[in-house]
Amino acid sequence: MTYEILLFLHVIGATILIGTGGGIAFFMVISNLSNDPKLIAHVAGIVVLADTVFTTSAAIIQPITGFYLTREVGWPLFEGWVAVSLALYVVIGVFWLPVVWMQIQMRDLAIAAEKAGNPLPARYHRLYRWWFAFGFPAFGAILAIVWLMLTKPVF
């Protein structure tokens, strides 16, 4: 029974990470296409909130449930597909943490532009390009981890 509960929590956490990450990306990209500081400020505010509540919670729960799953089943923590998954999780963090900071900066820049009645500044557009680029390796790594969890390849 312990294994099933841990597995359920781990899968829910992965689902939240993928769903929130994909949803955040979609809404940020669509709002950015408008080039409307008011819309972008509103959406970016929701995105920052969603990342804080959902992504952060799941990102904390994942390694905890993963650790207990490896202990429950007897998989070695630093070998094979589990070790590759852990390395990819670090890659996700390396890209995700700056993305969160960028989202906050973009939100604040959009709010300031809207209040001043100005267009979005060049810094916003630079941050957006970096944010967009950083999303691909982070999202690709989470998909790779899910594949590793499902297939458990032997290395």
Side-chain angles (χ1 to χ4, degrees), residues 6-67 69-70 77-78 80-116 118-153 155:
L6 287 169
L7 184 61
F8 175 76
L9 293 173
H10 201 66
V11 168
I12 293 299
T15 304
I16 290 169
L17 287 174
I18 292 170
T20 304
I24 282 171
F26 176 79
F27 289 114
M28 281 295 286
V29 169
I30 296 301
S31 69
N32 188 72
L33 291 174
S34 75
N35 212 27
D36 177 2
K38 184 176 182 175
L39 176 63
I40 292 170
H42 178 72
V43 170
I46 294 168
V47 161
V48 169
L49 177 62
D51 238 353
T52 302
V53 173
F54 298 110
T55 310
T56 302
S57 300
I60 292 167
I61 290 168
Q62 283 307 100
I64 294 168
T65 57
F67 172 76
L69 274 170
T70 60
L77 196 56
F78 298 109
W81 71 271
V82 176
V84 175
S85 296
L86 289 171
L88 287 169
Y89 203 73
V90 170
V91 168
I92 293 167
V94 165
F95 285 97
W96 177 64
L97 291 172
V99 159
V100 172
W101 177 83
M102 287 181 236
Q103 289 170 174
I104 293 167
Q105 297 298 305
M106 290 186 299
R107 177 202 61 197
D108 293 349
L109 289 167
I111 290 170
E114 189 232 330
K115 284 183 179 177
N118 293 330
L120 294 165
R123 182 165 183 259
Y124 171 87
H125 296 291
R126 277 192 307 277
L127 282 168
Y128 177 79
R129 286 189 298 273
W130 280 106
W131 173 88
F132 191 83
F134 274 42
F136 285 98
F139 202 71
I142 191 76
L143 294 177
I145 291 172
V146 170
W147 180 82
L148 289 166
M149 287 190 309
L150 292 172
T151 62
K152 297 171 187 57
F155 294 110

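Keep in mind that this is a model prediction, so the values were computed, not measured.
Between Leu77 and Leu86, the closest side-chain pair of non-hydrogen atoms falls below 4.5 Å. In this structure, Met106 and Val43 have side chains that are not in contact, with every pair of non-hydrogen atoms separated by 4.5 Å or more. Two residues are said to be in side-chain contact when any heavy atoms from C-beta on lie closer than 4.5 Å; Val84 and Phe155 meet this criterion. Looking at Leu17 and Thr55, their side chains come closer than 4.5 Å, going by heavy atoms from C-beta outward. Under the 4.5 Å side-chain criterion, counting only non-hydrogen atoms from C-beta, Tyr128 is in contact with Val29. The shortest distance between side-chain heavy atoms of Thr151 and Trp81 does not fall below 4.5 Å.
Within 6.0 Å of CZ on Phe54 lie no more than 12 heavy atoms contributed by other residues, nucleotides or ligands. The number of heavy-atom neighbours closer than 6.0 Å to CZ of Phe132, taken from other residues, nucleotides and ligands shown, is 12 or below. Remark: Lys115 NZ is loosely packed, at most 12 non-hydrogen atoms of other residues, nucleotides or ligands lying under 6.0 Å away. Counting non-hydrogen atoms of other residues, nucleotides and ligands closer than 6.0 Å to NE2 of His42 gives a total of 12 or fewer. Shown here is Tyr89, whose OH atom has more than 12 heavy atoms of other residues, nucleotides or ligands within 6.0 Å.
Tyr124 and Asn32 share a side-chain donor-acceptor pair at under 3.5 Å.
In plain terms, the two heavy atoms of Ile92 and Ala138 that are nearest each other are CG1-O, 3.6 Å. Nearest heavy atoms, Pro121 versus Ala113: CD-CB, 4.4 Å.
For the side-chain contact (heavy atoms from CB on, under 4.5 Å) test with Val100, the passing option among Val48, Thr52, Asp51, Thr56 is Asp51; the others fail.
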